[in-house]
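Down below is the structure, laid out as structure tokens.
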Amino acid sequence: MSKQIDVNDLNIFYGNFHAVQDVSMTIEARSVTAFIGPSGCGKSTFCAR
Ligand SMILES: Nc1ncnc2c1ncn2[C@@H]1O[C@H](COP(=O)(O)OP(=O)(O)OP(=O)(O)O)[C@@H](O)[C@H]1O
Ligand SMILES: [Mg+2]
């Protein structure tokens, strides 16, 4: 059974560098979800979690 993914106040650091800051979102089950934003905004860092 598919489940949604809930993200609550996610923060990711590379050493002292704050790459992802206070991100909260819900990814709905069985829905196509895209991350759109400028290079370096943290899309890949977020998705690797
Ligand atoms: N291994 C790492 N060590 C240190 N800083 C990193 C590392 N990986 C990414 N960063 C930095 O974290 C920030 C987010 O990078 P990320 O690769 O998640 O961005 P992105 O949105 O996927 O960019 P792009 O559209 O170019 O793929 C950038 O400022 C990047 O320089
Ligand atoms: Mg990327």
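FYI, the numbering just counts along the sequence from 1. In each ligand, atom 1 is the first atom listed, and ligand 1 is the first ligand listed. Hydrogens, waters and symmetry mates play no part in the numbers below; they use all other heavy atoms, side chains included.
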Checklist entry - N/O/S of Thr45 less than 2.8 Å from the Mg ion (ligand 2)? => result no
Checklist entry - Same hydrophobic cluster for Phe17 and Val20, using side-chain heavy-atom links shorter than 4.5 Å among ILVMFWY? => result no
Next on the checklist: Can you report which non-hydrogen protein atom sits closest to atom 25 (O) of ligand 1, along with the distance?
Outcome noted: Lys43 NZ, 2.7 Å
Item to check | Gly40, Ala48, Ser44: member with heavy atom nearest to atom 14 (C) of ligand 1 | outcome: Gly40
Next on the checklist: Is there a polar contact between ligand 1 and Ala19, counting only N or O atoms under 3.5 Å apart?
Outcome noted: no
Item to check | For Gly37 against Lys43, the heavy-atom pair lying closest together | outcome: O-NZ, 3.1 Å
Next on the checklist: I'd like to check atom 1 (N) of ligand 1 in this structure: does the protein have a heavy atom lying under 4.0 Å from it?
Outcome noted: yes
Next on the checklist: Within the structure provided, determine whether Glu28 and Thr33 are in side-chain contact (heavy-atom separation under 4.5 Å).
Outcome noted: no
Checklist outcome for this item: closest protein heavy atom to atom 16 (P) of ligand 1 is Thr45 OG1, 3.7 Å
Checklist outcome for this item: For atom 30 (C) of ligand 1, the closest protein heavy atom turns out to be Phe17 CE2, 4.7 Å
Item to check | Transitive ILVMFWY side-chain link Ile5 to Val23, under 4.5 Å | outcome: yes
Next on the checklist: Regarding atom 4 (C) of ligand 1: of the candidates Phe46, Tyr14, Phe13, which has the closest heavy atom?
Outcome noted: Tyr14
Checklist entry - Do side-chain atoms of Asp9 reach the backbone of Asp22 as a donor and acceptor pair under 3.5 angstrom? => result no
Checklist entry - Is it true that Cys41 lies under 4.0 Å from ligand 1, counting heavy atoms only? => result yes
Checklist entry - In the protein, what heavy atom is nearest to atom 26 (O) of ligand 1, and what distance, to one decimal place, separates them? => result Ser39 OG, 2.6 Å
Checklist outcome for this item: CD1 of Ile36 to SG of Cys41, rounded to nearest 0.5 Å, is 10.0 Å
Checklist entry - Parallel under 30°, tilted from 30 to 60°, perpendicular over 60°: which one fits the rings of Phe13 and His18? => result parallel
